[in-house]
There are 2 protein chains.
Amino acid sequence: MKKTDELIQSTQQNGQVACDSFHATIEFIGKRWMGIIIYHLLDGPKRYHELATEIDGISDRLLTERLKELEAHGFVVKRTLPSSRKVEYELTEQGIAFDPIIRSILTWVKANGGCTESKTESES
Amino acid sequence: MKKTDELIQSTQQNGQVACDSFHATIEFIGKRWMGIIIYHLLDGPKRYHELATEIDGISDRLLTERLKELEAHGFVVKRTLPSSRKVEYELTEQGIAFDPIIRSILTWVKANGGCTESKTESES
DNA sequence: CAAACAAGCTTACCAATAGTAAGCTGAATT
DNA sequence: AATTCAGCTTACTATTGGTAAGCTTGTTTG
């Protein structure tokens, strides 16, 4: 049995469907900043500004956009504390389920040292 | 101990550096089509056109670009069979190391049904 | 209690990345 | 010899992201 078949079977009995949702999923969590936002939310509920501060380089626009997307997909709940302007974002159970993915990436980074070395010297 | 700290410590003793390479890595493998290309290459060496056919919707331009990036980072080797116009791409050991990440995403997809349901009805 | 400020967005504009489609090269087929 | 087809490359458009400013409403401060 080929490896890909094995992988596909591990999700569903229908290769194509599994492949489609795999595609949709990896494209979703692969959107810029998405993984990092999830990573920081795995720490527990965070306020908007807290995230904006912790995630170096992200802009308000994209942070808001990504949080909305996460919320729309049910990975995050937005809790607006009613008495004040405090807003908290918290991962849902489905969102917390991303943890193994994040951990597997961290494991990879640990083993391989990350993707920072560009090795682009092969182009003359 | 907070969860994030724990995650960071699992990679390095220095939180910031670990976070940086995590960022770089997740942005790299999160690039459009990157994960899907790796997923298909986990099956074994593939020819260019084979990948282009299997990965539905990808364009020549992006497939070439992503393969070059993977090659530049040492995740893929390009083997040009000299007698003909056959070109094969194969994951290196470092590339094969992505397998657990792909698997963790597949596991997630299996458990959660993927990211296809948009649930955007919350906006009136 | 009015002015200033700050959190949490929103908008506008420009840059970078991706999609589309066509073309190019050179081996293989007819 | 002409055609086809793999494996790119180029040119152009569309979508996405970055930057910066502004808006709104609650809080603080004089």
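Quick note on labels: first sequence line is chain A, next is B, and so on, each numbered from 1. The figures that follow rest on heavy atoms only: side chains count, while hydrogens, waters and symmetry mates do not.
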May I have the distance from [X] (atom [atom1]) to [N] (atom [atom2]), rounded to whole angstrom?
X	N	atom1	atom2	value
Ile58(A)	dC9(C)	CD1	C1'	14 Å
Lys86(A)	dT24(D)	NZ	C1'	19 Å
Glu69(A)	dC9(C)	CD	P	14 Å
Tyr89(A)	dA7(C)	OH	P	14 Å
Leu67(B)	dG7(D)	CG	C1'	11 Å
Glu65(A)	dT19(D)	CD	P	15 Å
Leu81(B)	dG7(D)	CG	C1'	13 Å
Lys31(A)	dT17(C)	NZ	P	17 Å

State the CD1-CD1 distance between Ile102(A) and Ile101(B), to the nearest 0.5 angstrom. 10.0 Å
Rounded to the nearest 0.5 Å, how far does CD of Glu50(A) lie from CD1 of Ile55(A)? 10.5 Å
Is any side-chain nitrogen or oxygen of [X] closer than 4.0 Å to OP1 or OP2 of [N]?
X	N	value
Tyr48(B)	dT9(D)	no
Lys78(A)	dC9(C)	yes
Lys46(A)	dA7(C)	no
His49(A)	dA7(C)	yes
Arg32(A)	dT17(C)	no

Axial bend angle, the helix from dC1(C)-dG30(D) to dT30(C)-dA1(D): five-pair end segments, nearest 10°: 10°
For the side chain of [X] and the backbone of [Y], is there at least one donor-acceptor N/O pair under 3.5 Å apart?
X	Y	answer
Thr25(A)	Cys115(B)	yes
Ser21(B)	Gly113(A)	no
Arg66(A)	Ile38(A)	no
Thr92(B)	Gly74(B)	yes

Expected list for residues 57-65 of chain A: side-chain donor-acceptor pairs under 3.5 angstrom, two or more places apart:
residue  : atom : partner  : partner atom : Å
Ser59(A) : OG   : Leu62(A) : N            : 3.4
Asp60(A) : OD1  : Tyr48(A) : OH           : 3.0
Arg61(A) : NH1  : Glu65(A) : OE1          : 3.3
Thr64(A) : OG1  : Tyr48(A) : OH           : 3.3
Thr64(A) : OG1  : Asp60(A) : O            : 2.8

For the side chain of Lys68(A), starting at C-beta, report the closest nucleotide among dT9(D), dG18(D), dT10(C). dT10(C)
Using ring centroids (six-membered ring only for Trp), state whether Phe75(A) and Trp108(B) fall under 6.0 Å. yes
Here's a test for you: under salt bridge (charged side-chain N to carboxylate O under 4.0 Å, His left out), which of Glu54(B), Glu90(B), Glu88(B) qualifies with Lys46(B)? Glu54(B)
Protein N or O to nucleotides 20-26 of chain C N or O, pairs below 3.5 Å:
residue : atom : partner  : partner atom : Å
dT20(C) : O4   : Arg61(B) : NE           : 3.1

